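A quick note: this is a predicted structure, and the numbers were derived from the prediction, not measured. Along the sequence shown, residues carry numbers from 1.
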Amino acid sequence: MTLANKITLARIALIPVFLVIAVLGGPALDAAAMVLFIVCSATDFLDGYVARKYNQVTDFGKFVDPLADKLLVCAAMLLFVDRGLMAGWMVFIILAREFIITSLRTVAMGKNRVLAAAWSGKVKTCVQIAGVVVIFLCSIVSGGTLAGAAQTLVVLSGWVMTLVTLYSGYDYLRRNWDIVAEGATRSK
């Protein structure tokens, strides 16, 4: 197993640790959970760098790396729904985009076509990571009782994450509509 893949698997293994710390709650544990989230997010850039620099790009890594990102970010967002910090419908839209694009990638692989990560997808990931950190910071600073500017920042973060995710999904579908159209019209 390559070093890049080991880094990715370590990120996945840390997600339950992140969740346990975050679920226990309180400002100190939320700060620890946020730091762990940031560390895990940073390993996303690290494993990609290692894979490219040392020629360790693998099919396994191409599959597992984006999965690790989605699991980490979605875990944080579901935690925020549980705490009332993010609307469930926003997280549903974000999850739906992830399922749709993952399904599109699976169909494309069946056609020996690789859907490279689009710029909008990279921006989406960065915006989601930043949004999660902002929500954690607001919760930590306010001691869990959001009011005023903290409440506004939390709501704004949710909206920005949702809208950027929607655009990214639209961009992937627009760029690869031929796969959808062919699948919809082709008979067995």
Contact check, side chains of Tyr170 and Leu166, non-hydrogen atoms, under 4.5 Å =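 Answer no - side chains too far apart.
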Is the closest side-chain heavy-atom distance between Ile101 and Lys70 below 4.5 Å?
-> no
Mind checking side chain to side chain contact (heavy atoms under 4.5 Å, CB included) for [X] and listing every partner two or more places apart, or none if nothing turns up?
{"X": "Val35", "answer": "Val39"}
{"X": "Ala87", "answer": "Trp89, Met90"}
{"X": "Tyr54", "answer": "Val50, Gln56"}

Atom pairs and distances, donor-acceptor, side-chain atoms in residues 114-126, under 3.5 Å, two or more places apart:
from	atom 1	to	atom 2	distance (Å)
Ser120	OG	Asp171	OD2	2.7
Lys124	NZ	Glu98	OE2	2.9
Thr125	OG1	Gly121	O	3.1

Which word best sums up how the rings of Phe136 and Phe37 line up, parallel for under 30°, tilted for 30 to 60°, or perpendicular for over 60°?
->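 Ring orientation of Phe136 relative to Phe37: tilted.
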Can you tell me which residue pairs pass the salt bridge (Lys or Arg N to Asp or Glu O under 4.0 Å) test with a partner in residues 34-43, sequence neighbours excluded?
->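 The answer is none; no pair qualifies.
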Would you say the side-chain atoms of Arg97 and Tyr172 include a donor-acceptor pair closer than 3.5 Å?
->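 Side-chain D/A pair, Arg97 to Tyr172: absent.
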Residues pairing under side chain to side chain donor-acceptor pair (under 3.5 Å) where one sits in residues 13-24, two or more places apart or in two chains, turn out to be none
With sequence neighbours left out, write down each residue that passes side chain to side chain donor-acceptor pair (under 3.5 Å) with [X], or none if nothing qualifies.
{"X": "Thr43", "value": "Arg11"}
{"X": "Thr2", "value": "Asn5"}
{"X": "Thr165", "value": "Gln128"}

Please tabulate, one pair per line, all N/O donor-acceptor pairs under 3.5 Å involving side-chain atoms of residues 19-33, not counting sequence neighbours.
from	atom 1	to	atom 2	distance (Å)
Asp30	OD1	Arg83	NH1	3.2
Asp30	OD1	Arg83	NH2	2.8
Asp30	OD2	Arg83	NH1	2.8

Partners of Trp177 by ring pair (Phe, Tyr, Trp, His ring centres under 6.0 Å), sequence neighbours excluded?
-> none
Pairing residues for Arg113 by the salt bridge (Lys or Arg N to Asp or Glu O under 4.0 Å) criterion, not counting sequence neighbours |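 Salt bridge (Lys or Arg N to Asp or Glu O under 4.0 Å) list for Arg113, sorted by chain: Asp178.
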